[in-house]
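Written out below as structure tokens is the structure these notes cover.
Basis for what follows: all heavy atoms, side chains included, without hydrogens, waters or symmetry-related copies. Whatever order the structure lists ligands and atoms in, that order sets their numbers, starting from 1.
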Amino acid sequence: MPTSSGNSAGSDFDAVVVGAGFAGLYALYHLRDVLGLSVRAFEAGDGVGGTWYWNRYPGARCDSESFIYSYSFSDELQQEWTWSSKYPEQPEILRYLDHVADRFDLRPDIQLSTRVTDAVFDETTDRWQIRTDRGDVVTAQFFVSAVGCLSAANLPPIAGLDSFEGAWYHTGAWPQGGVDFSGKRVGLIGTGSTGIQATPVIAATADHLTVFQRTPNYSVPARNFALTPEQWADIKANYGEIRRKARESWGGFPYDRSEMSAIEVSPDEREATYERLWAEEGGFKFIYGSYGDLLSNEASNETAAEFIRNKIRHIVKDPDVAEVLVPRGYPYGTKRPPIDTDYFETFNRDNVTLVDLSEAPITEIVPRGLRTTAADYDLDIIVFATGFDAMTGSLLRIDVRGVDGQSLRTKWEAGPTTYLGIQVAGFPNMFVITGPGSPSVLTNMPLAIEQHVEWIGDCISYLGAHGLTRVEATAEAEDAWVDHVHDVASVTLFPKANSWYLGANIPGKKRVFMPYVGGFAPYRERCDQVAANDYEGFALSRHAGS
Ligand code: NA7
């Protein structure tokens with residue numbers, strides 16, 4: 001039973017939270033200040049911010065609009081904070097998270113520069129024992145993973161990296177002081193959201209930039225702009241309604257989602273819609289605001305895909321380069337859709353070269369640069385924009401052991417299994433914020449995080465109110481949920497792409513569609529129903545000694 005309250009200096013806590021990004025900060029606040037639990041958060045970075053702490057690469061910015069990519073739990077917070085633009089850059093988002101940590105006095109309960117290495121459930125006490133790389137050994141009734149979906153950097157195992165005489169960086173672990181590209185020959189590997197954001201910015205200062213592309217991407221212009229005081233006054237006056245609309249939506253965004261099919265309108269009307277969204281709105285509104293069946297109907301999807309392909313052909317002056325940049329062979333939106341500022345335009349610069357790795361893959365890194373099956377490229381700097389071991393990588397870095405010493409790594413070898421994306425059978429009192437099997441990365445993340453944290457808080461309160469000490473997803477509920485997650489994904493086009501949603505970017509990772517594609521609002525309702533039915537699908541119990 002949670003008994004203590006407020007800041008705790010000992011080694012026994014009601015809850016341990018791993019991570020101090022968007023999820024960890026809110027979990028700490030909610031469990032400590034709303035529920036009155038003793039909480040210790042551990043964070044590997046030497047500052048708060050999570051993914052926004054590590055991803056400092058040039059051009060890093062949010063792809064969701066600032067006024068909704070933020071916390072909604074405190075009206076004071078959302079009224080006092082003003083974002084500079086529609087898509088703020090990483091330093092501004094990090095300032096926001098630092099502000100949250102200060103404003104809610106979270107820092108005394110966060111231990112920075114500390115990586116959790118082990119978490120072991122003790123059935124004799126219904127508590128977790130947690131160890132860190134700094135030698136801490138603490139116990140907690142609840143072990144809350146807020147490690148993030150995109151935090152374990154993926155450095156591809158390319159032979160010869162150690163021999164490289166220049167400097168190399170992964171975008172997800174960027175040096176705090178930045179990198180000076182002036183006068184340098186830079187090679188950038190990867191053309192996901194990150195590579196697409198970084199390319200124009202690096203090209204602007206590097207002597208030469210070579211972009212190594214394995215798979216071309218469907219990118220839509222962000223159409224970023226500075227937000228005016230009038231726009232802000234309007235947003236702040238309507239925040240309640242904006243948040244409500246987001247919570248009741250499919251993707252966690254307050255946009256009107258079209259129910260129309262792309263192939264049921266005339267080609268002229270469709271073209272006009274795409275053109276308006278491309279030219280005036282940009283960003284995710286292109287996918288959310290156009291047609292409702294882009295992710296479920298191949299013919300509909302092809303209309304949007306072809307529109308984007310033609311835009312690329314129009315923007316990129318060299319037709320051969322344009323054809324290499326044109327995505328084919330997978331539907332639009334089935335890899336995480338990037339949004340950009342002048343990405344395709346950058347390939348018109350004299351100091352930018354595109355290398356098609358699908359024709360000639362990288363074979364090794366050599367002292368002077370990079371070798372493909374076709375040529376050698378001399379480089380001073382290599383930037384790996386090669387993504388993450390998404391959704392499971394960060395949690396599995398921790399040696400998590402549940403009932404009977406069962407290892408989470410072993411349990412998830414064939415792909416992650418959860419109930420509601422929140423709990424894993426055999427791992428009682430462990431909660432995973434935005435875990436695999438929840439909408440998470442397919443939605444507006446801060447909103448998904450708030451929903452999970454509040455649900456977890458309610459569950460813990462329920463246990464306390466009923467004199468219970470242990471909550472654990474049943475194997476049956478987990479199996480049924482895993483099947484449901486799979487069934488919902490299989491009627492969409494998502495499985496048709498080699499995406500990180502499926503783990504396809506990590507050699508050897510089991511191919512399983514990890515996020516829940518059934519939509520944020522229906523998912524939230526399901527979670528609420530489970531709670532209202534006395535945590536249906538969970539086994540709740542009281543420890544004999546408590
Ligand atoms: P992504 O979206 O996983 O993109 C990684 C890119 O790196 C992608 O183009 C990959 O090609 C490429 N890649 C990965 N490994 C290799 C190797 N071995 N050789 C060549 N190219 C490689 O990561 P991002 O950081 O861009 O974005 C992650 C998320 O962060 C993003 O979706 C947003 O949610 C925020 P591939 O497509 O696999 O052929």
> Mind checking what makes side chain to side chain donor-acceptor pair (under 3.5 Å) contact with T303, not counting sequence neighbours?
Replying inline: Y274
List, one per line, each side-chain donor-acceptor pair under 3.5 Å for residues 318-325, sequence neighbours excluded.
| from | atom 1 | to | atom 2 | distance (Å) |
| --- | --- | --- | --- | --- |
| D318 | OD1 | D320 | N | 2.8 |
| D318 | OD1 | V321 | N | 3.4 |
| E323 | OE1 | R328 | NH2 | 2.3 |
| E323 | OE2 | R313 | NE | 2.8 |

Could you go through ligand 1 and note, for every N or O atom, any protein N or O atom closer than 3.5 angstrom, writing the atom names and distance to 0.1 Å, or 'none'?
| from | atom 1 | to | atom 2 | distance (Å) |
| --- | --- | --- | --- | --- |
| ligand 1 | 7 (O) | A385 | O | 3.3 |
| ligand 1 | 9 (O) | T191 | N | 2.9 |
| ligand 1 | 9 (O) | G192 | N | 3.4 |
| ligand 1 | 25 (O) | T194 | OG1 | 2.6 |
| ligand 1 | 26 (O) | S193 | N | 3.1 |
| ligand 1 | 26 (O) | T194 | N | 2.8 |
| ligand 1 | 26 (O) | T194 | OG1 | 3.2 |
| ligand 1 | 32 (O) | W500 | NE1 | 3.1 |
| ligand 1 | 34 (O) | R336 | NE | 3.2 |
| ligand 1 | 34 (O) | R336 | NH2 | 3.4 |
| ligand 1 | 37 (O) | T215 | OG1 | 3.4 |
| ligand 1 | 37 (O) | K335 | NZ | 2.8 |
| ligand 1 | 38 (O) | R214 | NH2 | 3.0 |
| ligand 1 | 39 (O) | R214 | NE | 2.9 |
| ligand 1 | 39 (O) | T215 | OG1 | 2.4 |

> Can a donor-acceptor pair be found between the side chains of S219 and D340 at a distance below 3.5 Å?
Replying inline: yes
>> Can you tell whether the side chains of R185 and D380 come within less than 4.0 Å, N to carboxylate O?
In response: yes
>> If the threshold is 4.0 Å, N to carboxylate O, is there a salt bridge linking D376 and R368?
In response: no
List the atom pairs, donor and acceptor, that lie under 3.5 Å between side-chain atoms in residues 281-288 and the rest of the protein, sequence neighbours left out.
| from | atom 1 | to | atom 2 | distance (Å) |
| --- | --- | --- | --- | --- |
| E281 | OE1 | K285 | NZ | 3.3 |

